[in-house]
Amino acid sequence: MSIPIPGIKDISKLKFFYGFKYLWNPKVHDKIFDKLDLTKTYTNPKELKVLDLYPGVGVQSAMFYNRYSPQQYSMIERRSSLYKFLQANFEDSPLQILKRDPYDWSTYSNLIDKERVFVPEVQPSDHINDSFLTVANVTGEGSEGLIMQWLSCIGNKNWLYRFGKMKMLLWMPSTTARKLLARPSMRSRSKCSVVREAFTDTKLIAISDGDELKGFDSKCLEEWDPIVFSAADIWPTKGKPIALVEMNPTNFDFDVENWDYVTRHLMILKRTPLNIVMDSLGHGGQLYFNSRITDKELLKKCPIDLTNDEFIYITKLFTEWPFKPDILMDFVDMNQTEHSG
Amino acid sequence: MLRPVYRSVVKTSVLQKRLLSSKGSKLYKPSPDSTSTLIINDDPLVAASSSSSSSPSGIINSNDFPLFNKSNKNTTNNLSYQWKNASNMEFDPFNKSHASAITSMTRTRDVMQLWSLLEACLQSNLMKRAFSILESLYLTPEHKQRFIEDYNMYLDAFSKNEPNFPIIKMNEKLTNDLETSFKDINYNDKTLAIMIHHALNLHPTASSMLLSPTISAYLKMSVNGIRDILSNLDILTISDLSILVNDLKVISLSQLPTSVKPILESLAPSSTLVNNIENENGFNKTAAEKDLNIEKKLEFGRDSIRTPSLDPLREASLDGSMGVLPKDAEKLVAVDTIGMRVIRHTLLGLSLNAQQREQISKFKFDANDNVLNMKPTENGEESNTSINFFEIYNSLPTLEEKRAFESALNVFNQDRQKVLENRATEAARERWKHDFEEAKARGDISIEKNLNAKLWKWYNDMLPLIKEEISHCKSLLSEKSVNKRALNKVDSNRLGYGPYLTLIDPGKMCVITILELLKLNSTGGVIEGMRTARAVISVGKAIEMEFRSEQILKSESQTFRDVNKKSPEFKKLVQNAKSVFRSSQIEQSKILWPQTIRAKIGSVLISMLIHIAKVSVQGIDPITKAKVHGEAPAFAHGYQYHNGSKLGVLKIHKTLIRQLNGERLIASVQPQLLPMLVEPKPWVNWRSGGYHYTQSTLLRTKDSPEQVAYLKAASENGDIGPVYDGLNVLGNTPWTVNRNVFDVVSQVWNNGEGFLDIPCAQEEMVLPPAPPRNSDPSILRTWKLQVKTIANKFSSDRSNRCDTNYKLEIARAFLGEKLYFPHNLDFRGRAYPLSPHFNHLGNDMSRGLLIFWHGKKLGSSGLKWLKIHLSNLFGFDKICLEDRIAFTESHLKDIKDSAEHPLTGERWWTTADKPWQALATCFELNKVLKMDNPEEFVSHQPIHQDGTCNGLQHYAALGGDVEGATQVNLVPNDKPQDVYAHVAKLVQKRLEIAAEKGDENAKILKDKITRKVVKQTVMTNVYGVTYVGATFQIAKQLSPIFDDRKESLDFSKYLTKHVFGAIRELFHSAHLIQDWLGESAKRISKSIRLDVDEKSFKNGNKPDFMSSVIWTTPLGLPIVQPYREESKKQVETNLQTVFISDPFAVNPVNARRQKTGLPPNFIHSLDASHMLLSAAECGKRGLDFASVHDSYWTHASDVDTMNVVLRDQFIKLHEVDLVMRLKEEFTQRYKSYVKIGKLKRATDLAQKIINIRKDLSKKLGRNTTLADEIYFEKKRQELLNSPLLEDKSIGEKMITTVSLFQDVKDLDTLELENGGDENSGMSVLLPLRLPEIPPKGNFDVRVLKDSQYFFS
DNA sequence: GTTCTATTTAATGATATAAGTAATAGAAAATCG
DNA sequence: GGATTTTCTACCGACAATATCATTAAATAGCCA
């Protein structure tokens, strides 16, 4: 028996979406699932456990379940109006609804370690975890930070990534997708695209139609061949376009802390060639790196043109720098409170 | 009033010019009658007003100045206003009210920038460019009135540039310029002065025969009389005047300006010197050197020949213009100057002991050599180089001797002050050089170790870079045709900042840059460095400041350069004339460098410094683990993120930081802003007062031209005399450093340990170990936060220590000196010392280090107050006076111990609330108590009298609130009331009641309410603290009681409600007034001025509100709340772009801040008035007076007098219903303003409006907007104000949606307050009305007269 | 020599940046349809 | 016109985001009559 899928009529009655947007059109969802071809990874869906963060109205959740019937499908949703909606629609379904806050780290430690409500299997990092999948919708304009934090969790191998290379299907604003997916020399290339490149293998799966599409490189679009759906397939209709990406963690081996410092600082002046920009890494950086980097072509490049491998190379030189600055003290403290009676 | 005889310049000018331009000798023989026919009497005001563009929106409305009537001496007693008309129709950049004139605002900015550029170009002799700037200025229509001043600037520079340009040619040029290039511009007396000066200073070979008639001709052309020409002392030098009087005899002594008359009188004709040699040789010298030469001449006569110097410093300088003390000067100063010999003579004539005698006879009374004790003391040479003037002064037995001593000291200090303000950079440079040479003798390692030696190296490396840059700029600027397209980016930038960069001696710029950067270490929240934005602007400002004082010095020495007489009396005359001169110079200067230029200059210099400043560093090679030595830049430019925003930072290398921590930082204190050695220049004008060579403004305006406009108008109207009086009393209080306390602090400091609020010296910070990378994100986060907290603590400790270091070093420099704090005001009128770091507003330590210079015998009541003071410092200030005395008397042993063994004893003083001040008091008390007759003890300790919650005192007086007044000691009582304790009691009562009703929270909290818990909230309540804010305050107090933070916060929330309730209950009428002020501010800031440019109404029905809240204090000071939306822009500099605000942008008001700001600001403006009134009165009564806002200080013996004054002035202030007066002022000022409100639809009036709108809609073919209605109402007003009768009558017939309200009386019944039915209200423009004043209570402020605890 | 247009440059505005919403959370003002 | 979202959060002294890209306005060159 399949779970009934909420229709747009019911969905449109909902008022509060907290800035998040959801694809409601089941037809597009079908196309997406076809494209994702998840059974290739999850050869035995019966053993699959799915964590659905911010499921919203649950259209995707229900359709997922109907398609694959995983062992466990848990939805984490705390926002009251949406939680009520989920309850009303899926109370008696096999979908598990948990009223927790996906933003809060403790949600996961409680669920996994304390209450053991959702316990994924730890798998080695030579392959994508084939019994654990996370689906999330972080389409809120103000919630981009959460995505970035999750990304850095891949680098730290903590949070859900302690269970191995877990695949994540992630809805996000199209602009965020554009930034994340940008490749060297592209306009949107920024630190977070380097992070994406360093830790994951990410593909654009689907994206709503609109101006934002123009920001993507045409070659890349050709490569990913995403499903382009109409902006009308999203609810609420107002707001900016959204996109779905598939994120697969990759293996990496470098000094993350120093790499973080190096990329962060270099990407500030991303159009300044390396032979000049290195001074912003610390006292006398230019002199040091100009003597260490033997490849004169590399020195002519700008940070925006660098691949992650090149960043790793620079990081290596950075760690070998005898006078390298203290990377821990890389912050400012805004005026703390003083003055009293 | 007698009006000076004006001549209509419009009609005479052409004829005069023709006369002047006539060729040949005719010019020099003007027939007397031909000139006299040129004088046509005409009313100049007519011409002026008709030629001015008289846009009403561009000038402050006459309604804007409701000021107090000065005719009645008791200003506060008079409720009638005198609406002064600031009918200043001239264009003036500051004379703009924000509410209007968006376009002229941008023009203002343009003019300001052109001015600063013009000045810069003239200084750099870029005459061509200057001329083209003049042409641009000429095109600004509003500027015409003042244009001649700019032209004069140009002409003066031209004259200096071409000293041998024949006068005929000069005259031709003038005629040509004014007739063709700048039509309609007429010369003024200054122009004539320039011509006369030029004529007088032409090479003597020029036909001096013709000199006299030429000059006579110019004199006769005077616009406002010969006197006016002669008053231009910045043009005409003393020797010029001397020639005019004595040689040419074209003028008489009586026509001279009063300040210089005595000088010329005493200059016998024979001794007059005209120094033409100086004229020929000295043109490209900087002011400093010129001045130096003057100084030397003043002191040794003109025979002293400057020996050519081989000093490397001089060699290094650009075109030999380094303003440094020549080496041979040292030899010279060893010889006494006559003036100084007299001082020494005077001093030695006093009753001195042998040691003092020896000190004085050894002491070099030379200002250059003995500015301040800034040299290290380790060498033990102190006794030779400095004198403890304070000790000598104190040891003098008689008043006469003291006076004589002070007078001699003053003459010496006048010179030192001048050096202090002008030669500080040279002094620093000298010190570096000295240290470098010493270190060099010891070897290379010690150069690296010695900071100053290193700085000297940087200086020498940087200098050529700057010079190169300057010469780049110069060649670029002097290029004939500037092909903008062909320029690269660097060069086009140079074009912008170049003119400014060439103004100042490169060496000075080096020193300033280095010092500024060192000073800014660890500021702006940066761990080891500073914010780039701040750095570039600071350097830019410092450069500008240097330039300004150089300018003043330069023109001063120019004018007085030939004055050469040696008697001390004469010297005093000159000093006096000079100070008058300076005052007027500062007053005249209106030019400021644009912020963008400052930033650019700063960045250029800083990037050079970054480039050359190196430190040697050592690190560990991560691979080989070997120690590596190397060299790294001392400064590095980079970025850091804060909440996702980039922040440009300038990092300082750790090695240098460590070195700085152990260093005496006196050198980097901005020397222009140290305390003064002589009385500050009195405030006579809104921009003249305080330091002698550094310009400061009366009001600390927040880059708001609006504030300046009102201040300026008030100042020019002569309305704020009482403010000046009060401020001058504050500035004239002489202080000295408390040596006893200083010794203790110094000992503690050198120890390096933490003591009281001095944090200990820390080398490295200790961080907790990092958790493994794959720990839960929450764990990683808490660790990060820990690190941040520790780092913050570390850096705040360090900057704290650094700040203490500054204070201490300044104190050390001023040991034994007589010092003054020049003051100015914040925008509400509260007074602050101009000198940062070390002043009596500082922390406990700063205050403890300061005592009055003058001593006064304790007399009959002094001892009592000294004892009370100690008790107050220990926090026992809310018990009756007898108990406080008893407290002190019960600790006599402790006092003795504290005074005699401050660190080795029991350290009782450290337990005080304000330990350092307590220690200071202990020292005095200890001495007093040893005396047989304590009344004879001469006390220097300032005794404080603090208001009990001063803000609430004013509120209570305003509201006539008997209960409140009682609580804050306005009502006589035998025991002081403790507001905080009382509130606590009330809260306690409330809680008990609640607890009885079964309230759980109340049960837990009810016994935990102390005075301390509520104190901060009661205090901040005056400032309008919100519920949330108060909750945090209380939570902070409760946190020790509860373990759980969450719990503590919950309780706090609950408690806050009760505390607020209690305060409201207790100070009910105060709150009503607070609310009234808030509501009024809200309405005003949401109102629309009709004559506003429609552009600000572009959003249809949502206008930008432009009116800020403005009022006048009882002293006549206009106060403008500067809260507006800020608009900042990115400005490109060498290092990065910086984000700075454009002061001339016209921004809408920030209604919220206007609203929350008015209640506290109004109250502060009152307490400031009270303070200034009291200060003036105390000054009159011969008291030494100081204040920290609501804490008033004087000698122990004078406390009783002061208290009487305080009460009298408070009564005087509040005898008038100030709230009523404020409302009247508001009503008057915002008379024709409208607001957007809602009108009941079902009324006749509403129907009429609908009809008008319908008609209008038809005409326009679209829906009407409120903007349209404003437009028509504006039209109507314009017509009504038109001088043409027909216009007026059209206006009278016109009906607009606004005019309909004119006759409506019962608006209240028609207007819908917030809410109402949806369809019953419609948006209309309503006249602005203010809420009703809450009723005043029965408290009569006059009972205060007998309240001894009012201030205690 | 002028006027008009094409092209380049300067000026201005918009957007992204990092990555626990700084320590906190509930009211008041502003916005939007 | 009313609900939702954003913006605060006690006053003053006090002190500050920036790099890059897109778009628009202005200026210059060129062109031709």
Side-chain angles (χ1 to χ4, degrees), chain A residues 15-16 18-19 103-105 142-152 175 179 187-188 190-192 195 238 264 267-272 304 331 333-337 339, chain B residues 484-485 492 520 523-524 531-534 536-538 541 595 599 639-648 700 702 777-778 780-781 784-785 788-789 825-828 830-833 836 841 951 1016-1017 1019-1033 1035 1045 1049 1053 1102 1126 1128-1130 1136-1141 1151-1153 1156-1161 1163-1164 1168 1189 1238 1317-1319 1321 1323:
Chain A
K15 269 197 165 178
F16 312 128
Y18 304 87
Y103 185 84
D104 199 341
W105 300 119
S143 308
E144 200 187 46
L146 189 54
I147 297 173
M148 301 308 166
Q149 284 169 53
W150 288 350
L151 261 175
S152 74
T175 44
K179 285 186 288 194
R187 194 169 57 75
S188 307
S190 65
K191 175 157 184 267
C192 66
V195 174
K238 60 167 182 176
R264 180 166 63 242
M267 288 308 274
I268 291 173
L269 297 165
K270 55 183 177 183
R271 287 286 185 202
T272 311
I304 201 173
F331 54 83
D333 84 62
M334 283 317 202
N335 41 316
Q336 58 274 63
T337 49
H339 207 276
Chain B
K484 273 198 175 175
R485 273 194 104 81
S492 60
L520 287 172
T523 56
R531 296 187 181 189
T532 317
R534 195 169 169 187
V536 291
I537 291 172
S538 290
K541 268 190 180 165
Q595 193 84 320
Y639 301 87
Q640 279 170 351
Y641 278 105
H642 184 254
N643 290 339
S645 306
K646 300 177 185 99
L647 204 66
R700 301 185 184 199
K702 304 193 140 187
S778 56
L780 287 175
R781 178 172 174 242
K784 265 189 196 164
L785 282 176
K788 243 182 182 174
T789 321
L825 306 172
D826 73 11
F827 75 87
R828 302 154 315 160
R830 281 189 159 192
Y832 299 83
L841 255 74
Q1016 200 188 3
T1017 307
M1019 263 171 42
T1020 54
N1021 194 271
V1022 184
Y1023 306 131
V1025 75
T1026 58
Y1027 172 72
V1028 182
T1031 306
F1032 281 115
Q1033 294 168 4
R1045 266 185 14 144
L1049 209 69
K1053 266 190 277 180
K1102 263 174 206 141
E1126 60 180 353
K1128 290 182 167 177
K1129 280 182 181 167
Q1130 285 178 258
Q1136 58 170 72
T1137 73
V1138 290
F1139 201 50
I1140 44 187
S1141 60
R1152 192 196 184 102
R1153 298 239 288 149
T1156 56
L1158 180 57
N1161 287 340
I1163 294 300
H1164 285 327
H1189 306 320
K1238 278 184 191 160
D1317 307 358
E1318 293 84 59
N1319 289 323
S1323 265

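Residue numbers start from 1 in every chain, and the chains themselves are labelled A, B, ... in the order their sequence lines are given, proteins ahead of strands. Computed from a prediction, not measured in an experiment: that's the story for all the values here.
- Looking at heavy-atom distances under 4.0 Å, B:Val1022 makes no contact with the nucleic acid at all.
- At the heavy-atom level, B:Tyr639 lies under 4.0 Å from the strands shown only through sugar-phosphate atoms.
- Each of B:Gly644 and A:Tyr103 has a nearest nucleotide on DNA chain C; the 5'-most of these lies closest to B:Gly644.
- Applying the side-chain hydrogen bond (donor to acceptor under 3.5 Å, both in side chains) test to B:Thr1137 and every residue at least two apart in sequence or in another chain returns B:Gln1130.
- Rounded to a whole angstrom, the distance from the P atom of C:dA23 to that of D:dG13 is 27 Å.
- Side-chain contact check for B:Asp826 versus B:His1164: every heavy-atom pair is 4.5 Å or farther apart.
- What you find for B:Val1022 and B:Gly951 is that their closest heavy atoms are CG1-CA, 4.0 Å.
- A donor-acceptor contact under 3.5 Å is not formed by the side chain of B:Gln1136 with the base of D:dA17.
- At the heavy-atom level, B:Leu785 lies under 4.0 Å from the strands shown only through sugar-phosphate atoms.
- Between B:Gln1016 and B:Phe1032, the closest side-chain pair of non-hydrogen atoms is not below 4.5 Å.
- For the strand DNA chain C, secondary-structure stems (runs of at least three Watson-Crick or G-U pairs, all distances below 3.5 Å) span C:4-17 with D:17-30, C:25-32 with D:2-9.
- Regarding B:Phe1139, its CZ atom lies at a distance of 18 Å from the P atom of C:dT17, rounded to whole Å.
- One cannot find a donor-acceptor pair under 3.5 Å joining the base of C:dG26 and the side-chain atoms of B:Tyr1027.
- Contact between the side-chain N/O atoms of B:Arg534 and the OP1/OP2 oxygens of D:dA17 is not found at any separation under 4.0 Å.
- Residue contacts shown for A:Asp104 include a base, since a base heavy atom lies under 4.0 Å away.
- Contact annotation: B:Tyr1023 does not reach the phosphate of D:dC11 (side-chain N/O to OP1 or OP2, under 4.0 Å).
- Close to C:dT24, at under 4.0 Å from its OP1 or OP2, lies no side-chain N or O of B:Lys1053.
- Atom-to-atom, CD of B:Gln1130 to P of D:dA16 comes out at 16 Å; the value is rounded to the nearest Å.
- When side chains are defined from C-beta on, A:Phe331 does not count as touching B:Lys784, because their heavy atoms never get closer than 4.5 Å.
- Among the heavy atoms of the strands, none lies under 4.0 Å from B:Lys788.
- For the pairing with B:Arg531, the side chain to side chain contact (heavy atoms under 4.5 Å, CB included) check across B:Leu647, B:Leu520, B:Val1138 returns one residue only, B:Leu647.
- Proximity of A:Ser190 to the phosphate of C:dA16: no side-chain N or O atom is located under 4.0 Å from OP1 or OP2.
- Looking at heavy-atom distances under 4.0 Å, A:Gln149 makes contact with a base.
- Nucleotides C:dT2 and D:dT28 place their C1' atoms 15 Å apart, quoted to the nearest Å.
- Separation of the P atoms belonging to D:dC15 and C:dA14 is 26 Å when rounded to the nearest angstrom.
- One finds a side-chain N or O of A:Lys179 lying less than 4.0 angstrom from the OP1 or OP2 phosphate oxygen of C:dT17.
- Here CE of A:Met148 is found 5.5 Å from NZ of A:Lys179. Values are rounded to the nearest 0.5 Å.
- Taking the C1' atoms as reference points, C:dG26 lies 27 Å from D:dC12, given to the whole Å.
- Residue B:Lys784 has a polar side-chain atom (N or O) positioned under 4.0 Å from OP1 or OP2 of C:dG20.
- Annotation: ring-ring contact (aromatic ring centres under 6.0 Å, His included) contacts of B:Tyr832 (sequence neighbours excluded): B:His1189.
- D:dA10 and D:dA14 have their C1' atoms separated by 16 Å, given to the nearest Å.
- Residue order along DNA chain C, read from the 5' end via each residue's closest nucleotide, puts A:Trp105 first among B:Arg1152 and A:Trp105.
- For B:Arg828 and D:dC12, the shortest distance from a side-chain N or O to OP1 or OP2 is not below 4.0 Å.
- No side-chain heavy atom of B:Phe827 sits under 4.5 Å from any side-chain heavy atom of B:Arg700.
- Listed pair A:Ser152 / C:dA19 fails the phosphate criterion, with no side-chain N or O lying under 4.0 Å from OP1 or OP2.
- Annotation: of the two residues near DNA chain D, A:Ile304 and B:Thr1026, the 5′-most nearest-nucleotide partner is B:Thr1026.
- Remark on DNA chain D: of its neighbouring residues B:Gly1157 and A:Ile268, the 5'-side contact belongs to B:Gly1157, judged by nearest-heavy-atom nucleotide.
- Note on B:Asn643: a base of the nucleic acid sits closer than 4.0 angstrom, heavy atoms only.
- Only the P atoms considered, C:dA18 is 22 Å distant from D:dA16, to the nearest whole Å.
- For the pair B:Arg1153 and D:dC8, the criterion of a side-chain N or O lying under 4.0 Å from OP1 or OP2 is not met.
- When the C1' atom is compared between D:dC8 and C:dT21, the two are found 15 Å apart, to the nearest whole Å.
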